[in-house]
Amino acid sequence: MKNKSVLVLIALILSIGCQSEKKQEKDKITIGTKKQEKSAEFIYGEKIFKGKGNCYSCHRVDKKTIGPSVIEIMKIYNEQNGDIIGFLRQKKDPIVDPDNYAVMKTNFARIKKFTDEELKAVKLYMTEVVNN
């Protein structure tokens, strides 16, 4: 009887491990021409950027719409060693398209409620989507 219980336990552990591998397969995406795996934080950041944050309504990855593109934003923040999270927390001045800052201010009421984890995920998403 004990051997049967041990075998059932081993089978259960193995099936959980296989399900985890299947989940990771679902997270593979194509960005540009490269096959990449999305991390959980990337997926989380993307959901916030396109959903709760409403960032996508003004910022596309590769072209200017109402606001500058994500590529332009991250390029300038990287070149100037800027603090994008500090900007989103309204603790740092805008360094990208400061003349358009008044339009962005309407979203700060929403962003003010973001946790540090959410902002870090958005930053990671913006960084990763540009680098791939």
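These numbers come from a predicted model, not from an experiment.
The distance from the CG atom of L124 to the CD1 atom of I43 is 11.0 Å, given to the nearest 0.5 Å. Residue E117 holds its CD atom at 7.5 Å from CD of E41, rounded to the nearest 0.5 Å. We find the CG-NZ distance between D116 and K123 to be 12.0 Å, quoted to the nearest 0.5 Å. Considering NZ of K92 and CD1 of I84, their distance stands at 13.0 Å, rounded to 0.5 Å.
Applying the ring-ring contact (aromatic ring centres under 6.0 Å, His included) definition to pairs two or more places apart or across chains, those involving residues 44-71 are F49-Y125.
Side-chain contact between V122 and M126 is present, with at least one heavy-atom pair separated by less than 4.5 Å. When side chains are defined from C-beta on, I48 counts as touching F114, because their heavy atoms get closer than 4.5 Å. In this structure, the side chains of K91 and I85 stay at 4.5 Å or more apart for every pair of heavy atoms.
Q90 meets the side chain to side chain contact (heavy atoms under 4.5 Å, CB included) test with Y101, K105, F108; sequence neighbours excluded.
Annotation for R89 and I111: closest pair NH1-O, 3.9 Å, computed over non-hydrogen atoms.
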Let me have the donor-acceptor pairs involving side chains of residues 61-77, under 3.5 Å, with sequence neighbours excluded, atom names and distances please.
| unit_1 | atom_1 | unit_2 | atom_2 | d |
| --- | --- | --- | --- | --- |
| K64 | NZ | D97 | OD2 | 3.4 |
| T65 | OG1 | C58 | O | 2.5 |
| S69 | OG | E72 | N | 3.0 |

